[in-house]
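Notes to accompany the following structure.
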Amino acid sequence: MIQMLRSFGLPTTAALAVALACAGRQQSPSAEPVPVSTPPPAATAPVPRPSSWHWLAIDSANKTVTLTLEITAQPNARSALINGYRNGEAGIVVPVGWTVEWSWHNADTASPHSLVVMVQREKLPLEGGRPAFSNAVTRMVTDGLPPGQTDQSTFIADEAGWYWLMCGVPGHALAGEWIELRVDPDAELPGVKVKSVNGEQ
């Protein structure tokens with residue numbers, strides 16, 4: 001190669017430098033750009049919908065929502081809790097015309113409780129009264145069912161509006177033992193909305 005370069009009139013030193021540069025390039029393949037294979041884009045996974053609350057089951061084919069409701073109490077609490085909420089912290093949304101089935105359990109070991117759906121007005125009533133929907137009430141609404149008792153009920157939410165889902169035992173709802181029920185003409189499916197959890201129980 002040096003002889004060939006010298007034949008082009010390059011001095012020996014210059015020919016040697018060019019030969020070494022060329023030889024270095026040939027011996028270092030990593031100096032040349034290497035094509036990078038780009039992995040194919042990952043398949044876009046569908047965004048999962050939020051899982052429904054464990055105590056709310058939806059049967060959209062039959063337009064039925066099943067609620068599993070439990071009354072619990074904590075030491076020194078102002079009121080018992082309905083599925084962990086009190087004082088309207090949570091609200092159940094049901095489309096108009098859907099059937100609501102509930103399975104209710106009094107897990108408070110110290111006090112009787114009940115459950116009734118009543119139309120929201122300016123003030124919570126002292127005790128439970130006539131339910132807003134036929135059969136939307138547990139047995140013994142004002143006396144309450146003893147600890148450990150259960151009850152089931154089924155009603156049709158056939159009128160839009162805002163309702164209290166409250167304990168009917170005198171003074172219990174006023175102390176905070178209630179959540180909301182919204183029968184919504186615009187809702188497509190039932191759900192639960194948490195308004196606030198302020199830690200006050």
Side-chain angles (χ1 to χ4, degrees), residues 52-59 62-95 97-159 161-183 190-201:
S52 61
W53 295 70
H54 69 280
W55 46 272
L56 183 145
I58 300 170
D59 179 355
N62 293 310
K63 294 188 175 181
T64 299
V65 57
T66 302
L67 306 174
T68 303
L69 303 170
E70 184 171 69
I71 306 301
T72 57
Q74 296 177 347
N76 303 318
R78 290 184 55 200
S79 74
L81 305 173
I82 302 174
N83 284 21
Y85 297 98
R86 63 178 298 275
N87 210 27
E89 291 169 342
I92 299 168
V93 178
V94 175
W98 277 52
T99 298
V100 178
E101 298 177 348
W102 81 43
S103 175
W104 177 92
H105 175 232
N106 180 7
D108 180 355
T109 58
S111 179
H113 296 279
S114 67
L115 195 66
V116 58
V117 176
M118 296 186 69
V119 176
Q120 285 194 19
R121 304 196 185 281
E122 291 182 15
K123 295 181 180 180
L124 277 160
L126 174 64
E127 63 185 34
R130 183 176 178 169
F133 304 104
S134 178
N135 213 30
V137 61
T138 58
R139 302 184 318 271
M140 301 170 61
V141 66
T142 54
D143 290 338
L145 293 171
Q149 291 289 306
T150 62
D151 198 7
Q152 291 78 37
S153 188
T154 300
F155 65 92
I156 299 174
D158 55 4
E159 188 172 342
W162 292 90
Y163 302 88
W164 289 305
L165 196 62
M166 54 173 271
C167 180
V169 175
H172 284 204
L174 289 176
E177 192 180 334
W178 64 277
I179 59 175
E180 284 189 328
L181 171 66
R182 165 73 169 142
V183 180
V192 177
K193 293 184 178 179
V194 176
K195 292 186 173 181
S196 66
V197 179
N198 57 22
E200 181 187 353
Q201 295 180 352

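Note that the coordinates shown come from a computational prediction; the quantities given were computed from them, not determined experimentally.
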Which heavy atom in [X] sits nearest to a heavy atom in [Y], and how many Å separate them?
X    : Y    : answer
L174 : L126 : CD1-CD1, 3.7 Å
P131 : A136 : CB-O, 3.6 Å
F133 : I156 : CD2-O, 3.5 Å
N135 : T154 : ND2-O, 3.1 Å
G176 : S79  : C-OG, 3.4 Å
L165 : W102 : CD1-CZ3, 4.0 Å

Find the distance between [atom1] ([X]) and [atom2] ([Y]) and round it off to the nearest 0.5 Å.
X    : Y    : atom1 : atom2 : result
Q152 : T68  : CD    : OG1   : 10.0 Å
T66  : E101 : OG1   : CD    : 4.5 Å
L69  : N106 : CG    : CG    : 12.0 Å

Check against side-chain contact (heavy atoms from CB on, under 4.5 Å), R86 and R78: CA-CA 10 Å; R86 63 178 298 275; R78 290 184 55 200; 3.8 Å; yes

In the structure I gave you, are the side-chain heavy atoms of [X] and [Y] within less than 4.5 Å of one another anywhere?
X    : Y    : value
L67  : V100 : yes
I179 : I92  : yes
W164 : P125 : yes
E70  : N83  : yes
S111 : P147 : no
L145 : R139 : yes
V183 : W98  : no

Candidate pair K193 and R182, rule side-chain contact (heavy atoms from CB on, under 4.5 Å), full reasoning: CA-CA 10 Å; K193 293 184 178 179; R182 165 73 169 142; over 6 Å; no

Under 3.5 Å, which donor-acceptor pairs link side chains of residues 112-122 to any protein atom two or more places apart or in another chain?
{"from": "H113", "atom 1": "ND1", "to": "H172", "atom 2": "ND1", "distance (Å)": "3.2"}
{"from": "H113", "atom 1": "ND1", "to": "E177", "atom 2": "OE1", "distance (Å)": "3.0"}
{"from": "H113", "atom 1": "ND1", "to": "E177", "atom 2": "OE2", "distance (Å)": "3.0"}
{"from": "H113", "atom 1": "NE2", "to": "D108", "atom 2": "OD2", "distance (Å)": "2.7"}
{"from": "S114", "atom 1": "OG", "to": "V141", "atom 2": "O", "distance (Å)": "2.6"}
{"from": "S114", "atom 1": "OG", "to": "G168", "atom 2": "N", "distance (Å)": "2.9"}
{"from": "Q120", "atom 1": "NE2", "to": "Y163", "atom 2": "O", "distance (Å)": "3.2"}
{"from": "Q120", "atom 1": "NE2", "to": "E180", "atom 2": "OE2", "distance (Å)": "3.0"}

Pair F155-V137, side-chain contact (heavy atoms from CB on, under 4.5 Å): steps then yes or no: CA-CA 9 Å; F155 65 92; V137 61; over 6 Å; no

Verdict with supporting geometry, I71 and I82, side-chain contact (heavy atoms from CB on, under 4.5 Å): CA-CA 5 Å; I71 306 301; I82 302 174; 3.6 Å; yes

